[in-house]
J.: 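Quick one: the structure is below, questions incoming.
Everything quoted here is computed from the prediction, not taken from an experiment.
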Number of protein chains: 2
Amino acid sequence: MNLRELAQNLGLSQTTVSRALNGYPEVNEATRARVVQAAEQHNYRPNTRAKGLATGRAMAIGHVIPMSKQHEMVNPVFGDFIAGAGETYSRNGYDMVLSLVEDGQEEKTYRDLRGKGAVDGLIVHGPKSGDARIAMLDDLGVPFVVHGRASAVTTPYAWLDVNNRKAFRRATDFLLDLGHRRIALINGLEELDFASRRRAGYEEALTARDLPLTPAYMRSEEMTERYGYDSVCDLLDSDAAPTAFLVSSMITAIGVRRAIEERGLRMGRDISVITHDDALSYFKNGEDAPIFTATCSSVREAGRQAAQMLLERIAKPHLPPPNRLLEAQLVVGGSTGPAPTSRTD
Amino acid sequence: MNLRELAQNLGLSQTTVSRALNGYPEVNEATRARVVQAAEQHNYRPNTRAKGLATGRAMAIGHVIPMSKQHEMVNPVFGDFIAGAGETYSRNGYDMVLSLVEDGQEEKTYRDLRGKGAVDGLIVHGPKSGDARIAMLDDLGVPFVVHGRASAVTTPYAWLDVNNRKAFRRATDFLLDLGHRRIALINGLEELDFASRRRAGYEEALTARDLPLTPAYMRSEEMTERYGYDSVCDLLDSDAAPTAFLVSSMITAIGVRRAIEERGLRMGRDISVITHDDALSYFKNGEDAPIFTATCSSVREAGRQAAQMLLERIAKPHLPPPNRLLEAQLVVGGSTGPAPTSRTD
DNA sequence: ACCGCCACCCAAAGCGCTTTGGAAATGATT
DNA sequence: AATCATTTCCAAAGCGCTTTGGGTGGCGGT
């Protein structure tokens, strides 16, 4: 069923039917009701392509998800982020088109998506520090919102980020307050902006107390379970083993715990762990008594808000690009406790 | 840059340019080269909407991801499945459009997506036993492929599934062979077809050895970490506690392990655990020495193949709907061992 | 009785592409 | 030199919608 048929069916012109359905005022409420009812009855849905052609708007948002070629890995937070964004889109009549692309190939995909006219706006995932995509999208003239930031980019652009630096600063301070002095950072890939900010927070806390930065305590890789396990094994077997670990992802923290417990140690007593927790739905960190002390921030909520920002940006492109900084909560769980050495003081 | 401009630019008609770009034979190779080069130089990309309108094909596939309202949870396997499917799509010039929808609302979304002409085909996720969507899509006339099966649906339809029954039959047999007699099943929601098949495999194995089915040993819920933990706590504290657990998801297995180790028990010695492992990229079950004994099947590969099947189905709709049954591997890891009681025999 | 003004509706153009049904030019055949 | 098949290209229609720029009829005001 298309517009013409529907119009013929009703004995009206396409114009009138179109206007009736799109809520234009110049149509009698009685006819509008008649039209709406007929449309419903015939299960009429305007063809997106035709509508898009006519209006010039695609009513779709593109998400380009980077995927590590190395590990064939897609960061699990995307699932929840997408879920949040999807909510916003469907409430506003937008579709979501998704591309999974190998690291570094994203630019071409953005170009294509826009060039084809497949999307009205884009969400940029996983920004690197001096991410070239931002400049590119800017002079491509497509509305976009970055999930995260690109520290080295100085031109204004729309972003939504968690205050990663502050979160890790606080987490580190928390461990320091507990008497820990040898604190390891099991970070994500530091070419990614969020990871470098977390590191900055960590270093800032140490430096503020005149503590040295120990390169051996800092690791940076893709956040798999295995990586957490291996790192901790390594570090605990070294001399001057850390007494505390700061971990960048829940998944990795699972591996960290595994390594700790395999050694007969206990989290919170022998070794302290703080992890960042993106509040992945299947991984709720225990509602009542969290297993892990964690810096918490809902990535789903981030998705919702980023999508909202993007839609507003599309509607009002002349406004200056909005920014939003979400604060992470530091929630105390069972994985932290006073440093073992300080107990004996 | 659109076709007309490009054609004017070249002093050719739109027809010729279009044909040149789409590889039609009736155009001189010299002109074709000229056209292709100009297109490249001007960064020309045919407008999807216009193309779609003209051809009637959307060059897009819809994925409707069910999302539990209850836990706001989206199953983590979707990430990897989507990644696999996405590979296939992008290789074939298709886009992927994604909708996340609350449980049970999927039908409307399928209808919309098709009615709007936004997609040429659909992937059905998370089929229930007598899933109504299949009949609906059938008489809607949309090509689709189901990831999984719907046992109660008797009409032929295209699906790709893992042999869940057999996988869990084998896993249960494996535990039985090790002397376990009290084996608990920590299953996913059994309204979902895959879960009911897993249960069938489990029951089949027990029944084949004339062992009773103990309802208290069978659990069925959404596969969160917490669920695994709670279930095991519960069961281990009961009298006649199980000596082995069969778990439906890696995530849940993590919770199972947590509960076991928290009690000072050790997996593989005191308690045996077998989990299903979808080979999620960030959760590689240890390449060399797997932590968990597991029934393994790559959901990413499933995505790749399901997508391929769908594209073929779209190309040749007259062929009978294809089916594909993937076998899971039973990979032995460190989480299984002889039953404690049988040791004392 | 005439004018003007709404309220309501319509015909037709246009969005950017594909595709049908030729036409013009070229070369081979008689 | 005339004929005919190829090759190479083109004009125009059409995909399903929105939107511009009117029309028509009914009403109140003069």
J.: For nucleotides 13-19 of chain C, give me one character per nucleotide, 5' to 3': B if any protein heavy atom sits under 4.0 Å from the base, S if the only such contacts are to the sugar-phosphate, - if neither.
T.: -BBBBBB
J.: Do B:Thr16 and B:Ser13 have a side chain donor and acceptor closer than 3.5 Å?
T.: yes
J.: Mind calculating the distance between CD (B:Glu26) and P (C:dA23) to the nearest angstrom?
T.: 17 Å
J.: Does anything in residues 94-103 of chain B form a salt bridge (charged side-chain N to carboxylate O under 4.0 Å, His left out)? List the pairs, not counting sequence neighbours.
T.: A:Lys116-B:Asp95, B:Lys69-B:Glu102
J.: Identify whether the distance between the nearest side-chain nitrogen and carboxylate oxygen of B:Asp112 and A:Arg45 falls below 4.0 Å.
T.: yes
J.: Provide, to the nearest angstrom, the distance between the CG atom belonging to A:Leu12 and the P atom belonging to C:dA11.
T.: 11 Å
J.: Nearest-Å distance, CG (B:Leu10) to P (D:dT8)?
T.: 17 Å
J.: Look at the rings of B:Tyr89 and B:Tyr94 and say which category their plane angle falls in: under 30° parallel, 30 to 60° tilted, over 60° perpendicular.
T.: tilted
J.: Run the salt-bridge test on B:Lys128 and B:Asp193 with the 4.0 Å N-O cut-off and return the result as yes or no.
T.: no
